[in-house]
Student: 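Following this message is one structure expressed as structure tokens.
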Amino acid sequence: MADSPRWWAWLGLSAGVVAADQVSKLAMMAAFREGEQRVITDFFSLVLTFNTGMAFSFLRDVAGWPRFFLSAVAIAAGALIIWLLRRGGDRWYCAGLALILGGAAGNLWDRVVLGKVVDFLLFHWDGWYYPAFNVADSAITVGAALLIFDSFGRRRDRSQATH
């Protein structure tokens, strides 16, 4: 399949995610000490925390190898996503891929430069706390949701074509 003529334009969305992610993390590190928390509402706080593991702090207590393993996974995923973007697709599909790419790149930057990922968005309710996350994590989540949404449309299109 030939390269989509505008595949590189989606990289702009990815770059925007990386920029927003890194600016927000730098602002948090400038304004907060590690563990410091500011309650914004009854259910949302800002807190500066660092995650050496992966999602939900899985593997955070394992020394050394997760940083390199997760960095390698992010690089491989980035290469795959760029290849998929070059193949093209509809708007939802490409936007989802671009958001995931930007989020992965934002967190990869933290792993390479800091050795850990900066997290600061904290939702909570009545003693329950969702693990802190960041702009990059949000972009990955929204990107995955867009890919799921897109897959339902593709499934519907295929079933209509066969009937």
Side-chain angles (χ1 to χ4, degrees), residues 1-4 6-30 32 34-35 45-124 128-155:
M1 181 179 290
D3 283 355
S4 173
R6 295 186 305 145
W7 71 271
W8 50 267
W10 290 106
L11 297 182
L13 177 57
S14 298
V17 168
V18 173
D21 179 62
Q22 291 302 305
V23 166
S24 64
K25 289 172 178 175
L26 288 171
M28 285 300 298
M29 289 189 294
F32 285 70
E34 184 174 1
S45 298
L46 295 174
V47 60
L48 179 60
T49 185
F50 298 97
N51 181 1
T52 56
M54 53 193 293
F56 307 111
S57 296
F58 181 66
L59 298 177
R60 75 174 177 266
D61 296 325
V62 178
W65 69 266
R67 174 183 180 190
F68 302 105
F69 173 73
L70 295 171
S71 295
V73 167
I75 291 167
L80 174 63
I81 289 170
I82 290 170
W83 179 77
L84 290 170
L85 284 171
R86 288 182 67 156
R87 292 183 61 201
D90 68 22
R91 209 177 306 178
W92 294 112
Y93 176 75
C94 290
L97 290 174
L99 289 170
I100 292 169
L101 178 62
N107 283 339
L108 174 63
W109 179 265
D110 286 7
R111 283 189 204 293
V112 170
V113 173
L114 303 173
K116 53 195 170 190
V117 174
V118 178
D119 289 324
F120 58 90
L121 301 169
L122 180 65
F123 285 90
H124 50 82
W128 171 86
Y129 289 83
Y130 190 79
F133 58 99
N134 57 46
V135 172
D137 298 332
S138 300
I140 292 168
T141 301
V142 171
L146 289 177
L147 292 180
I148 292 167
F149 177 77
D150 179 69
S151 74
F152 288 131
R154 289 175 197 252
R155 190 172 298 148

Student: Of all heavy-atom pairs between Val17 and Gly102, which one has the smallest distance, and what is that distance?
Tutor: CG1-C, 3.5 Å

Student: Could you tell me which non-hydrogen atom of Ser71 sits nearest to which non-hydrogen atom of Val112, and how far apart they are?
Tutor: OG-CG2, 4.4 Å

Student: Just grab all the salt bridge (Lys or Arg N to Asp or Glu O under 4.0 Å) pairs involving residues 9-29, residues at least two apart or on different chains.
Tutor: Asp21-Lys25, Lys25-Asp110

Student: Would you find a donor on one side and an acceptor on the other, under 3.5 Å apart, between the side chain of Thr52 and the backbone of Lys116?
Tutor: no

Student: Measuring from atom OG1 of Thr141 to atom CD1 of Ile100, what distance do you get when rounded to the nearest 0.5 angstrom?
Tutor: 9.0 Å

Student: Could you give the distance from CG (Leu97) to CZ (Arg87), rounded to the nearest 0.5 Å?
Tutor: 10.5 Å

Student: Kindly compute the distance separating CG (Leu99) from SG (Cys94), expressed to the nearest 0.5 Å.
Tutor: 11.0 Å

Student: What distance separates Asn107 CG from Asp119 CG, expressed to the nearest 0.5 Å?
Tutor: 7.0 Å

Student: If every non-hydrogen atom of Gly103 is compared with every non-hydrogen atom of Ala136, which pair is closest and at what distance?
Tutor: O-CB, 3.3 Å

Student: How about Tyr130 and Leu122: do any of their side-chain heavy atoms sit closer than 4.5 Å?
Tutor: no

Student: After noting the C-alpha distance and the side-chain angles of Arg91 and Trp10, does the key distance pass the side-chain contact (heavy atoms from CB on, under 4.5 Å) rule?
Tutor: CA-CA 10 Å; Arg91 209 177 306 178; Trp10 290 106; 3.8 Å; yes

Student: Check whether Asn134 reaches the backbone of Val118 with its side chain - one donor and one acceptor, N or O, closer than 3.5 Å.
Tutor: yes

Student: How long is the gap from OG1 on Thr49 to CG on Leu121, to the nearest 0.5 Å?
Tutor: 12.0 Å

Student: Locate the shortest heavy-atom distance separating Tyr93 from Asp90; write the atom from each residue and the value.
Tutor: N-OD1, 2.9 Å

Student: I need the minimum non-hydrogen distance between Ala95 and Leu13, along with the two atoms involved.
Tutor: O-CD2, 4.0 Å

Student: Look at the side chain of Gln22 and the backbone N and O of Gly106, then say whether any donor-acceptor pair between them is shorter than 3.5 Å.
Tutor: yes

Student: Drop me the distance from Phe123's CZ to Tyr129's OH, to the nearest 0.5 angstrom.
Tutor: 13.5 Å

Student: Using the side-chain contact (heavy atoms from CB on, under 4.5 Å) criterion, which residues pair with Leu11? Sequence neighbours excluded.
Tutor: Trp7, Ile82, Leu85, Leu101

Student: Evaluate His124 against Val47 for side-chain contact (heavy atoms from CB on, under 4.5 Å), listing each step before the verdict.
Tutor: CA-CA 12 Å; His124 50 82; Val47 60; over 6 Å; no

Student: Could you list the residues that satisfy ring-ring contact (aromatic ring centres under 6.0 Å, His included) with Phe32, not counting sequence neighbours?
Tutor: none

